[in-house]
Amino acid sequence: MESSSFKGRIMGSGLAFWCPLLHLLLLVLVMCAQGIAGRKLTEEQLETTHKLMKPMDQRIQAHHSSSHMDHMDPSHMIFFTIKDLKVGKTMPIYFPKRDPSKSPRLLPRSQADSIPFSSEQLPHLLEFFSFSKDSHQAQAMEDTIRQCEIEPIKGETKFCPTSLESMLDFTHSMLGPNTRFTAVATAHLTNSTTLFQNYTILKEPKEIFAPKMVACHNMPYPYAVFYCHSQQSVNKVYKVELGGEDGDRVDAVAVCHLDTSDWSPNHASFSVLRIKPGTSPVCHFFPADNLVWVPTPTSV
């Protein structure tokens, strides 16, 4: 029931989605074809999950680098101020080139719920996925679980869904049970392999109707886990058309957080922008494998 509703909401979104959402739609179709009756992972499904772990190293590198307070790290160069949202503005931006079609898949809820997801169960999980406790994969799993278990900041509600159904349930709970919603994501319009370069805003940024929003960030894990959160404070969502120095074109999603007074002073954005919590709105671009869920305008 939730799957068909999801597809109905997505169909009218036009340019509001790209490969990640097509990928999610395919997952919905697969789940409908297979059924989602309660069962544990079979040996064949485990083998498939292990094969899908290979791209995990890509996300480990990006995730770890964004977790340290080194303002010279290029992966921190996603932050800007709302004053920068104007045609002709040029700024250095880091866009990780992670192919969503090669990322670990979202599991059906029955399968995801059969696998523990907690720091207490980490030794069992490492054994389950055949990872050494000293491996990079083990460290990434520990970091992901820890971030999901940390208490949210004031005014924030967060959840780490491990299935499409649980992601949609959380989005419904945040945006309203009767709210129709869609997802927007960054789209790479060219095949540039440059991760970090200067980009120029080519057109007037377009604000997306978003009185409420849920942002979902793809996390390093053997199967798809998203860090989803919603904040009571006012946020603005934009689509921004960017042109890179090497000719790269990106239809980027950006979110501006208007109140950062409750953020940790150690947040990377304050180091990059050289500001303090609560002194200025903080904006940032989203990579292509992240999603922002927003209500569908009633006039559409």
Problem - salt_bridge(K206, E241) N-O dist < 4.0 Å - result: no
Could you tell me the separation between the [atom1] atom of [X] and the [atom2] atom of [Y], rounded to the nearest 0.5 Å?
X    : Y    : atom1 : atom2 : result
L122 : I145 : CG    : CD1   : 5.0 Å
D289 : C216 : CG    : SG    : 11.5 Å
L258 : Q231 : CG    : CD    : 10.5 Å
N198 : L242 : CG    : CG    : 11.5 Å
S271 : H76  : OG    : NE2   : 7.5 Å
K236 : I208 : NZ    : CD1   : 12.5 Å

Problem - Chi angles and distances behind the side-chain contact (heavy atoms from CB on, under 4.5 Å) call for Q137, F129 - result: CA-CA 10 Å; Q137 291 90 343; F129 289 112; over 6 Å; no
Using modelled atom types and a 3.5 Å cut-off, is there a donor and acceptor pairing between side-chain atoms of [X] and backbone atoms of [Y]?
X    : Y    : result
E165 : R109 : yes
N178 : G176 : no
K158 : I150 : yes

Under 4.5 Å between side-chain heavy atoms, hopping through other hydrophobics if needed: is there a path connecting [X] to [Y]?
X    : Y    : result
I78  : V282 : yes
I93  : F196 : no
V272 : I82  : no
L85  : F286 : no
M77  : L195 : yes

Minimum side-chain heavy-atom gap [X]-[Y] below 4.5 Å:
X    : Y    : result
C228 : F170 : yes
D248 : T194 : no
L125 : I115 : yes
E156 : D262 : no
K239 : V253 : yes
F181 : M174 : no
W263 : S269 : yes
F226 : L106 : yes

Which label fits [X] and [Y]: parallel for a plane angle under 30°, tilted from 30 to 60°, or perpendicular past 60°?
X    : Y    : answer
F95  : Y199 : perpendicular
F79  : H267 : perpendicular
Y221 : F117 : perpendicular

Exercise for the section: Let me know which of Y238, Y94, F285 forms a ring-ring contact (aromatic ring centres under 6.0 Å, His included) with F80. Expected result: F285
[X] versus [Y], closest heavy-atom pair with distance:
X    : Y    : answer
E120 : P123 : O-CD, 3.8 Å
N218 : N290 : N-ND2, 3.4 Å
V255 : M213 : CG1-SD, 3.9 Å
T279 : I275 : OG1-CB, 3.7 Å
A254 : V240 : CB-CG2, 4.3 Å
T296 : T182 : OG1-N, 3.7 Å

Exercise for the section: Just do the side-chain contact (heavy atoms from CB on, under 4.5 Å) check on S119 and R146 with the steps written out, would you? Expected result: CA-CA 7 Å; S119 54; R146 184 175 63 250; over 6 Å; no
Classify the side-chain pair [X]/[Y] by whether it contains a donor and acceptor separated by less than 3.5 Å.
X    : Y    : answer
D143 : Q147 : no
D169 : S166 : no
S261 : D259 : yes

Handout entry: Stepwise side-chain contact (heavy atoms from CB on, under 4.5 Å) test for K89 and K83
Key = CA-CA 10 Å; K89 175 67 177 180; K83 296 179 181 179; over 6 Å; no
Exercise for the section: List the steps, then state whether side-chain contact (heavy atoms from CB on, under 4.5 Å) holds for K97 with T193. Expected result: CA-CA 7 Å; K97 299 300 192 293; T193 58; 5.6 Å; no
Practice task
State whether the number of non-hydrogen atoms from other residues, nucleotides or ligands found under 6.0 Å of Q232 atom CD is greater than 12.
Solution key: no
